[in-house]
Amino acid sequence: MERDYKPEVIEPAIQAAWDDQQIYKTTEDPSRPKFYCLCMFPYPSGKLHMGHVRNYTIGDVISRYMTMQGYNVLQPMGWDAFGMPAENAAIKHELPPAQWTYDNIDHMRSQLKRLGFGYDWDRELATCQPDYYRWEQWLFTRMIEKGLAYRKKARVNWDPVDQTVLANEQVIEGRGWRSGALVEQREIDQWFIRITDYADELLDDLEHVDWPEQVKTMQRNWIGRSQGLEFSFERPGDAPRLEVYTTRPDTIMGITYVAVAAQHPIALEAAESNPEIAAFIESCSQMSVAEADLATAEKRGMDTGQTVIHPFTGKPLPIWIANFVLMDYGSGAVMAVPAHDQRDYEFAKAYGLPIQPVIKPVGDDPSYDLSQAAWCEKTGITVNSGEFDGLNFEQAFQAVAQAIESQGIGRVTTNYRLRDWGVGRQRYWGCPIPVIHTDEGLKPVADDDLPVVLPEDVVVDGSGSPLGQRMDFVETIDPSTGRPARRETDTFDTFMESSWYYARFASAYSNDAMLDTHANYWLPVDLYIGGIEHAILHLLYARFFHKVLRDLDLVTSDEPFKKLLTQGMVLKDGSKMSKSKGNTVDPQELIDRYGADTVRLFTMFAAPPELSLEWSDDGVAGAHRFLKRIHALVQAHVQTGQHSLQGKVDVDGLDESSRDLYRKLHETIAKVSDDLGRRYHFNTAIAAVMELTNQAAKFEATSAEAQRVYSEVIEAIVLLLSPITPHLCESLWEALGHSESLVKVSWPTVNEAALVRNALTLVVQVNGKLRSRIEVAADASQDEILAVARADEQVAKFLEGMIEKKAIVVPQKLVNLVVTPA
RNA sequence: GCCGGUGUGAUGGAAUUGGUAGACAUACCGGACUUAAAAUCCGGAGAGGGUAAACCUCGUGCCGGUUCGAGUCCGGCCACCGGUACCA
């Protein structure tokens, strides 16, 4: 054992030993319970950043802890390798995206190994490999067969200069990020998957997963199941009826206009004869398609001059075109009730449309002020509504729905905010959509012809899709007719690959099926760890895929991720680390300087996982100091030769300070086990070990029995820290005379006898304010405790001239005496 | 805009079920060791009052409420962060 702590010597040696023994290779083992611990795989952007280090350290700590608890742990790693950054890098460096990606993967893999994560590398995958994506293509053709995949028109951001489709993040203040051109909206044919077929199940099954409540709430709101009324307005003459959907039928008598989306047929028809309307619709199309932009845009609109007829009053209502109405939601038209909907209100104010209140709050409500804002609560009573007057929300909903249904013009329906998933991307670096365009229409590629391999030797220049220019890719033959056909040049959304990789890890060696029976040994994932930013999209898509896989009999479970742990971001100087802010910290420099264990220790100590983590260079140095201290403490102990003292500690035979240390030891074991196994709060686990270390460092052993206590403490410190700083702990464990790797050692258990206390310290409050502390026997009765509390000198001062009204005793904790002046 | 979260000393954080606010660290200050420095070790420390100790008052983003008791629960605000369907 080295005299000084030298991580640069210890860590590579320990890692080499792990490799030699293939200690992290996993196979099925029916004799032990399984535990599948998965971290969200990284996009290979170049090098690891602090967010990765944090995420993967959390996973590794839990995996190591569970292994020591006797579980058969699977912890795999791979690469989310398709995506836009590879194309951007290709344009910048004139490198093929594939080469850039594979180089990055090689570098990042070596960084992960240097950090000592216990991955089963034999299961590694990269989503850009044909061996992986062929099964995605296979699954998609099954979806086409089952009618789950279909084509429809969808709007995209179009850059007229670069002649390319832009992602939302590439549209900056309405302009293309590279060309600076005003972005337009275009309608193109796209592939969609019917995730809405599973909307109810996706919503209801949230009750059966052990996920943070906030994430479940976000998913519920995203799916947005609502009961509403779908009905149509009659229009003058023989104009076709206008279909609308509303969740507020109770406000139907307050409609003062109706609004349609700019792409609605009524709007397009009006534009034909009115150049002003045409110009307005044109200006609406110069806008990003992002929801945040649409929702915050100034509300604008135009009167079409057309009307609809109110189903109950028979009065005409104007039809407006409004930029806040979405063509994709409902029927692309809404009934506007400005008194009780904020968007309708703002629009009405802007264009001088009438505001007709039809709901009144019960009693006084200061928020009811229609000169300032709409009143949108569902807690009021209908007024000004003729036959529907005096009803609450429920009653008014039913009455209006019935009246509409009896007219035969509408019905109550369930609606979802969730939209079908558009999976087509007009980009190169993605999985080719396995479809050919033939003279007989679209045809899925047959299983035997899969995979459709993406050509990797291309030049990307930022305009148009390189795939469309590759005639050797595009031109093909329709196998059923022998006639020429063209391959689809769109690729999949990269969320497709990340929606099933967790299952492929569990079935990594299956060459002739997407998943084989091994998948069901490991699935579902017991713990899934990743950034909170994936709370909706990725996690919802993966849940959807899992249900599709289940319905194809590929998996037996209903949900992919039993438990979810979401981590916060890594910040520096209060904001997200980014190249543009110049506040990035490169983990590699820290590993080179302090070693992997220090980096792991700091990232776990600085904050609990779900909070954002504020980076601190001083904090890293402090973590390193602690490890040096541990190293010195264990080394000193080994040099005394006392570490070989064996035998069980006899609790009753201990002197007071030994007994205190022994109790602290077992309190610490209990605390750390709870923090690592249940709470996932590593910062407090580390703090507890630090407290134990501080107490141990002050301890002087005056007997053989005390030496035994101290030996047990030193060994426990090494064991308790080993999931977090495995290299140092392995080397110390060996120095303490053990030959087996810590990975194979059992986690220490709590000796309940050590926790027993004879006396307790209780806090005494008078009127809720802390006034004193008292010592009482652990088995003292309430009356005895109160007597001691009242007799306490400090407490008595505050009882003088007072009458005691009440006395509260919280066992093991405190006494509160409630008094008033006599 | 909408949905979800966060806010505690100089700093990161602790307080797990409504019961001692500030554990454990970092930075800082003082001391020991040293010719000196670094490293290491020991000690101090929320703010205000008090010569000091004892002790007292205030204090968990802001305003209000519930409770014997609120960082924790409820109502209303403010600031910041994440998501917002083509960033991953």
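FYI, side chains are in, hydrogens and waters are out, and symmetry mates aren't considered; it's all heavy atoms of this structure. Every chain is numbered from 1 and lettered A, B, ... according to where its sequence line falls, protein lines coming before strand lines. These figures come from a predicted structure and were not determined experimentally.
- Using a 4.0 Å heavy-atom distance criterion, Thr217(A) is classed as a sugar-phosphate-only contact.
- You'll find that the side chain of Phe605(A) is closest to G12(B), out of A88(B), G12(B), A39(B).
- Position along RNA chain B of the nearest nucleotide to Met690(A) versus Arg771(A) favours Met690(A) as the more 5'-ward residue.
- Using a 4.0 Å cut-off, some side-chain N or O of Arg629(A) falls inside it from OP1 or OP2 of C41(B).
- Side-chain nitrogen and oxygen atoms of Asn168(A) include none within less than 4.0 Å of the OP1 or OP2 phosphate oxygen of U84(B).
- Between C3(B), A88(B), A23(B), one nucleotide has an atom nearer to the side chain of Met218(A) than all others, and that is C3(B).
- Between Phe605(A) and Phe682(A), the gap from one ring centroid to the other reaches at least 6.0 Å.
- With a cut-off of 3.5 Å on both pairing distances, the Watson-Crick or G-U wobble partner of U6(B) is A79(B).
- The side-chain tip of Lys628(A) does not point at the ring of Tyr5(A) from less than 6.0 angstrom away and within 45° of straight on.
- Contacts of Val689(A) with the nucleic acid, taken as non-hydrogen atoms under 4.0 Å apart, are absent.
- For A25(B), the paired base is U11(B) (Watson-Crick or G-U wobble, both distances below 3.5 Å).
- The side chain of Asn694(A) lies closest to C24(B), out of G83(B), C24(B), U16(B).
- The separation between Phe626(A) atom CZ and G13(B) atom P is 20 Å, rounded to whole Å.
- With A88(B), A25(B), C68(B) as the choices, the nucleotide that has an atom nearest any side-chain atom of Asn816(A) turns out to be C68(B).
- Of the candidate nucleotides G4(B), A85(B), A88(B), G4(B) has the atom lying nearest to any side-chain atom of Gln214(A).
- Along RNA chain B, the nucleotide nearest to Pro85(A) and the one nearest to Lys797(A) differ in position, and the one closer to the 5' end is contacted by Lys797(A).
- Across all strands shown, Val818(A) has heavy atoms under 4.0 Å from sugar-phosphate atoms exclusively, and none from any base.
- The side chain of Asn221(A) sits closest to G4(B) out of G82(B), U16(B), G4(B).
- For Trp615(A) and Phe602(A), the ring centers sit closer than 6.0 Å to each other.
- Anti is the classification of G71(B), since its glycosidic angle lies more than 90° from 0.
- Residue Gln765(A) contributes atom CD, which lies 13 Å from atom P of C56(B) at whole-angstrom precision.
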